[in-house]
Amino acid sequence: MTVDPTGRGSRRIVLPAAPPNVVPESRWRSRCGPAAAHTADGPLWTCDACGRDWPCPSLRATPTDATRRPTLIPEFSRITRRAIRDLRGRPGGPDPVVIVRRFLWFLPLTDEEPRAVALRLR
């Protein structure tokens with residue numbers, strides 16, 4: 001019991017600290033070391049896990065049926081815009097149309113559509 005400034009006794013309850021909201025390391029770390037995600041960022045756009053051009057074959061192997069496409073389109077459109085800005089200015093860098101085809105692999109695009117998307121995302 002503690003005494004407050006008025007001289008009356010008061011009870012102060014101290015609760016134990018809550019455990020941190022952290023996923024145990026054993027759930028994300030493999031037995032061989034840290035798991036590497038197949039992610040990338042500019043300006044090179046190579047996979048963090050395998051070092052190949054991103055999106056790498058491992059990521060492309062992920063199922064992208066018609067139900068997942070609406071969730072992928074906004075994110076990959078944003079990423080494609082950044083990739084066009086990063087990659088087209090490099091010596092020997094890919095054409096924006098090639099970049100659109102590479103980053104929007106999960107969409108059935110005609111021959112004209114990647115060019116139109118590339119012009120719009122510049």
Any chance you could lay out the side chain to side chain contact (heavy atoms under 4.5 Å, CB included) test for Arg102 and Leu87, step after step, and finish with the verdict? CA-CA 12 Å; Arg102 174 176 150 187; Leu87 295 173; 3.9 Å; yes
Is the closest basic N to carboxylate O distance between Arg78 and Glu75 below 4.0 Å? yes
I'd like to know if the side chain of Arg52 and the backbone of Thr46 have a donor-acceptor N/O pair within less than 3.5 Å. no
Using the six-membered ring wherever Trp is involved, compare the ring planes of Phe76 and Trp105 and label them parallel, tilted or perpendicular (cut-offs 30° and 60°). perpendicular
Side-chain heavy atoms of Arg81 within contact of Val117, under 4.5 Å: no
Any heavy-atom pair between the side chains of Arg68 and Thr62 that's under 4.5 Å? yes
Quick check: do Asp48 and His38 have side-chain heavy atoms less than 4.5 Å from each other? no
Kindly compute the distance separating OG (Ser77) from CG (Leu107), expressed to the nearest 0.5 Å. 7.5 Å
Under 4.5 Å between any side-chain heavy atoms of Ile99 and Asp95, yes or no? no
For Pro96, is there any backbone N or O sitting under 3.5 Å from a side-chain donor or acceptor partner on Arg88? no
Report yes or no: does Glu113 contribute a side-chain atom to a donor-acceptor pair with the main-chain N or O of Thr110 at less than 3.5 Å? yes
To the closest 0.5 Å, what do you measure between OG1 (Thr67) and CG (Asp65)? 3.5 Å
Flag side-chain contact, heavy atom, 4.5 Å: Leu104 against Leu72: no
Minimum heavy-atom distance between Ala83 and Phe103, given as atom pair plus value: CB-CZ, 3.5 Å
Taking atom CZ of Arg90 as the centre, report whether more than 12 heavy atoms of other residues, nucleotides or ligands fall under 6.0 Å from it. yes
Backbone N or O of Pro55 within a donor-acceptor pair of the Arg60 side chain at under 3.5 Å? yes
What pair of heavy atoms forms the shortest contact from Ala118 to Ile84, and how long is it? CA-CD1, 4.2 Å
In the single-linkage hydrophobic clustering (I, L, V, M, F, W, Y; side-chain heavy atoms under 4.5 Å), do Ile73 and Trp54 co-cluster? yes
Under a 3.5 Å threshold, yes or no: a donor from one side chain and an acceptor from the other, between Trp45 and Asp86? yes
Joint cluster assignment, Leu109 & Val97, ILVMFWY side-chain distance < 4.5 Å: no
